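Here the structure is a predicted model, which is why all the values come from computation and not from measurement. Any value given below was found using the heavy atoms of this structure, including those in side chains, with hydrogens, waters and symmetry copies removed.
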Amino acid sequence: MKRFALFIAAALLVCLPAVAQKTEAMKGKTLVVYFSATGNTERVAKMIATAAQADLYKIQPAKDYTSADLDWHNKSSRSSVEMNDAKARPELSGSVSNWADYTTVYLGYPIWWDQAPRIINSFIESYDFSGKVVIPFATSGSSSISHSAQELKKTYPSINWQKGKLLNGVTQTDISNWIQK
């Protein structure tokens, strides 16, 4: 019986920090932040906001992307040039009001060249993520989220990143089930 009690005590010591972190994140508000060039990521972001009862914020570039800008076959297109330059930081238009009120941030983006678009870096570098839990999500025609999420974690190690998810062709039920986990 003593061994069982010690086992339970040890299990609680291991689990309590994770529960406390999740509880702390739940105290504040939730924000779904996303960049969407063609509407796919926007559709998913709106479903997440509904499921999480969260506020929604669209990352807007100072200069909108045109079809020609998004032509990944053209090495001179705006998106190709940005993605080939790790230091590129497209200028943003607008800002999140009441950023300090949010403790949980879902961060969404399309995957470009197996990475998050550089405008995501612009956004991250414009805000203080201290005390926030960040959950990435992405849409893609052919890539998984794993490389882009790893790159974000490596570039911004002080952010409390949680496991992300690729959300192609999902339904509101799929999103709700993911959010509840």
Residues Tyr156, Asn121; criterion side-chain contact (heavy atoms from CB on, under 4.5 Å); working and verdict: CA-CA 9 Å; Tyr156 306 103; Asn121 300 87; 2.9 Å; yes
Enter the distance from [X]:[atom1] to [Y]:[atom2] here, rounded to the nearest 0.5 Å.
X	Y	atom1	atom2	result
Trp113	Glu82	CH2	CD	8.5 Å
Asn160	Thr103	CG	OG1	10.5 Å
Thr104	Lys29	OG1	NZ	12.5 Å
Arg43	Ile48	CZ	CD1	10.5 Å
Asn177	Gln172	CG	CD	10.0 Å
Lys165	Ser146	NZ	OG	12.5 Å

Step-by-step side-chain contact (heavy atoms from CB on, under 4.5 Å) determination, Val134 to Ile124: CA-CA 11 Å; Val134 181; Ile124 291 171; over 6 Å; no
How far apart are the closest heavy atoms of [X] and [Y], and which atoms are they?
X	Y	result
Ala52	Thr30	CB-CG2, 4.4 Å
Val170	Met47	O-CE, 3.5 Å
Ser79	Leu70	OG-CA, 3.6 Å
Phe35	Pro110	O-CD, 3.1 Å

Taking [X] for the side chain and [Y] for the main chain, is one N or O donor matched with an acceptor at less than 3.5 Å?
X	Y	value
Arg118	Met83	yes
Trp161	Ala149	no
Lys75	Ser80	no
Tyr57	Ser95	yes
Ser122	Pro90	yes
Thr139	Leu167	no
Tyr106	Ala54	no
Ser77	Asp71	yes
Asn168	Ser140	yes
Gln162	Ile135	no

Close side-chain approach of [X] and [Y], heavy atoms under 4.5 Å:
X	Y	result
Ser36	Lys46	no
Thr173	Ser176	no
Tyr102	Phe129	no

Check against side-chain contact (heavy atoms from CB on, under 4.5 Å), Asp55 and Asp101: CA-CA 11 Å; Asp55 294 336; Asp101 294 348; over 6 Å; no
Under 4.5 Å between side-chain heavy atoms, counting indirect links through other Ile/Leu/Val/Met/Phe/Trp/Tyr residues: same cluster for [X] and [Y] or not?
X	Y	value
Tyr34	Leu92	no
Ile145	Val44	no
Val133	Trp99	no
Ile119	Val33	yes
Ile179	Leu56	yes

Atom NZ of Lys63: over 12 foreign heavy atoms under 6.0 Å: no
Step-by-step side-chain contact (heavy atoms from CB on, under 4.5 Å) determination, Lys132 to Ile159: CA-CA 7 Å; Lys132 298 186 188 323; Ile159 292 178; over 6 Å; no
Distance flag, aromatic centroids of Tyr109 and Phe123, threshold under 6.0 Å: no
